[in-house]
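Reminder, nothing fancy here: chain letters follow the sequence lines and each chain counts from 1. Source: prediction; values computed, not measured.
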Protein chains: 2
Amino acid sequence: MTDSTGATGDGAGGRDAEAVSRFVESFAAQLVEAGMQRMPARVFAALLASNQGAMTSAELGEQLRISPAGVSGAVRYLSQQHMVSREREPGSRRERYRVHSDQWYEALTSREAVLKRWGNALREGVAGLGERTPAGRRLAETLAFFEFVDGELAAMMERWRVHREKIFGG
Amino acid sequence: MTDSTGATGDGAGGRDAEAVSRFVESFAAQLVEAGMQRMPARVFAALLASNQGAMTSAELGEQLRISPAGVSGAVRYLSQQHMVSREREPGSRRERYRVHSDQWYEALTSREAVLKRWGNALREGVAGLGERTPAGRRLAETLAFFEFVDGELAAMMERWRVHREKIFGG
DNA sequence: CGCTTCTTTCAGAAAATTGTGAAGATGAGG
DNA sequence: CCTCATCTTCACAATTTTCTGAAAGAAGCG
């Protein structure tokens with residue numbers, strides 16, 4: 001089935017498997033340090049470093065030495081976070097997991113959901129403690145900061161798209 | 001010793017302890033979900049919700065029901081992340097931990113160290129996989145994105161300072 | 001100097017998280 | 001309608017993380 005010499009061109013394929021693995025593990029380690037779970041981090045890094053930006057479950061399992069269950073869990077997490085998308089190649093039940101550059105930048109920056117929940121907690125705090133109290137004012141200012149950031153991020157992403165086009169050409 | 005009726009005016013003090021605790025726990029929960037450790041998150045939220053934006057170790061321990069050791073560990077982490085600063089009130093060995101709004105916004109956004117490490121991992125990846133390969137190009141684009149964001153964040157914080165002054169008055 | 005008060009460090013118990021094998025589900029193709 | 005390939009769910013074992021009590025370390029104050 002899977003041609004170990006790399007006819008697929010995905011994953012480590014025929015390439016310098018050593019270099020791929022070095023990158024995957026070191027980048028994943030950074031993601032872990034930033035709070036991401038280990039397995040999703042490794043899967044994500046592997047996809048980033050894959051030739052086509054997409055790999056099947058089997059390829060991921062083989063390259064990272066993890067069980068199908070592990071791949072499944074990692075991928076579920078990643079797609080909930082909108083960091084990867086899944087595609088079915090027609091005619092097979094094999095699923096491919098793909099990282100769209102654009103998509104994952106968005107996911108990273110548009111912590112929209114996060115900002116919203118933080119905002120809610122802060123709003124309730126202001127209400128509960130009283131707008132007039134020192135603590136209430138502090139929370140209100142923090143809330144204002146998050147709302148500000150939320151607005152700015154959208155604009156920043158727009159600038160990024162322009163910037164990116166200039167460099168890489170859409 | 002510590003006047004349990006709240007003469008200090010810090011922490012929950014004479015205020016609606018119920019409301020304070022509700023905010024602390026719910027905001028801390030959000031921070032935890034975003035990847036922060038539980039105890040630092042609770043300590044930080046408690047400081048945010050305190051009257052003076054500062055509390056002593058004993059006050060934190062009492063309000064959050066955690067041991068001095070727990071406070072110590074949490075505070076060490078928070079000050080490493082530049083989210084709180086420590087002050088000695090002269091004449092006592094009591095230490096006060098304070099959250100400066102400005103300071104912690106900076107800490108939150110200037111993920112400088114993080115971005116730098118991610119950048120390094122990506123740069124090595126590009127070198128290892130080859131700039132000409134599809135994977136190399138993908139990593140290079142990701143790297144460019146981080147460098148872009150890094151630059152933007154500084155500008156954003158500057159705009160925030162202006163915006164904030166307008167609303168809250170320096 | 002030594003007493004007292006507060007903080008930090010450390011080893012270990014308790015709890016949470018992680019990754020696996022095995023069994024179950026899902027759907028293409030005969 | 002059955003089979004085969006694939007993915008997912010679940011219960012559990014192993015690891016890791018978290019928090020504590022106890023003891024050691026600092027620093028004011030007499």
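Atom P of nucleotide C:dT20 and atom CG of A:Leu60 are separated by 13 Å, given to the nearest angstrom. For the pair A:Met36 CE and C:dT17 P, the computed distance is 17 Å after rounding to whole Å. Per the geometry, CD belonging to A:Gln80 stands 12 Å off P belonging to D:dT8, to the nearest Å. In this structure, B:Arg94 places its CZ atom 14 Å from C1' of C:dT4, rounding to the nearest Å. As rounded to whole Å, 16 Å separates atom C1' of D:dT17 from atom CD of A:Glu33. Atom CZ in A:Arg76 sits about 13 Å away from atom P in C:dG19, given to the nearest Å. With rounding to whole Å, B:Glu95 atom CD is found 18 Å from C:dT5 atom P.
Counting non-hydrogen atoms under 4.0 angstrom, A:Ser57 reaches the backbone sugars and phosphates but no base. Using a 4.0 Å heavy-atom criterion, one finds that A:Arg42 contacts no nucleic acid atom at all. A:Tyr97 comes within 4.0 angstrom of sugar-phosphate atoms only, judged by non-hydrogen atoms across all strands, and of no base.
Pairs passing the salt bridge (Lys or Arg N to Asp or Glu O under 4.0 Å) check and including a residue from residues 129-144 of chain A, sequence neighbours excluded, read A:Glu141-B:Arg164.
Phosphate proximity of C:dT8 to B:Arg86: present, with a side-chain N or O under 4.0 Å from OP1 or OP2.
Under 4.0 Å is where a charged nitrogen must lie from a carboxylate oxygen, and between A:Arg22 and B:Glu124 no such pair does. Under the 4.0 Å criterion applied to side-chain N and carboxylate O atoms, B:Lys116 and B:Glu147 are not assigned as salt-bridge partners.
Contact of the B:Arg86 side chain with the B:Arg98 side chain is not registered, since no non-hydrogen atoms from C-beta on lie closer than 4.5 Å.
Ring geometry for B:His163 versus B:Trp160: interplanar angle of 30 to 60°, hence tilted.
Side chain to side chain, A:Gln52 and A:Arg96 meet the donor-acceptor criterion of an N or O pair below 3.5 Å.
A:Arg42 pairs in a side-chain hydrogen bond (donor to acceptor under 3.5 Å, both in side chains) with only one of the listed residues (A:Glu25, A:Gln63, A:Gln37), which is A:Glu25.
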* Base, backbone or nothing for each nucleotide of nucleotides 18-30 of chain D, written B, S, -, heavy atoms under 4.0 angstrom, 5' to 3'? -> SSBB----BBSS-

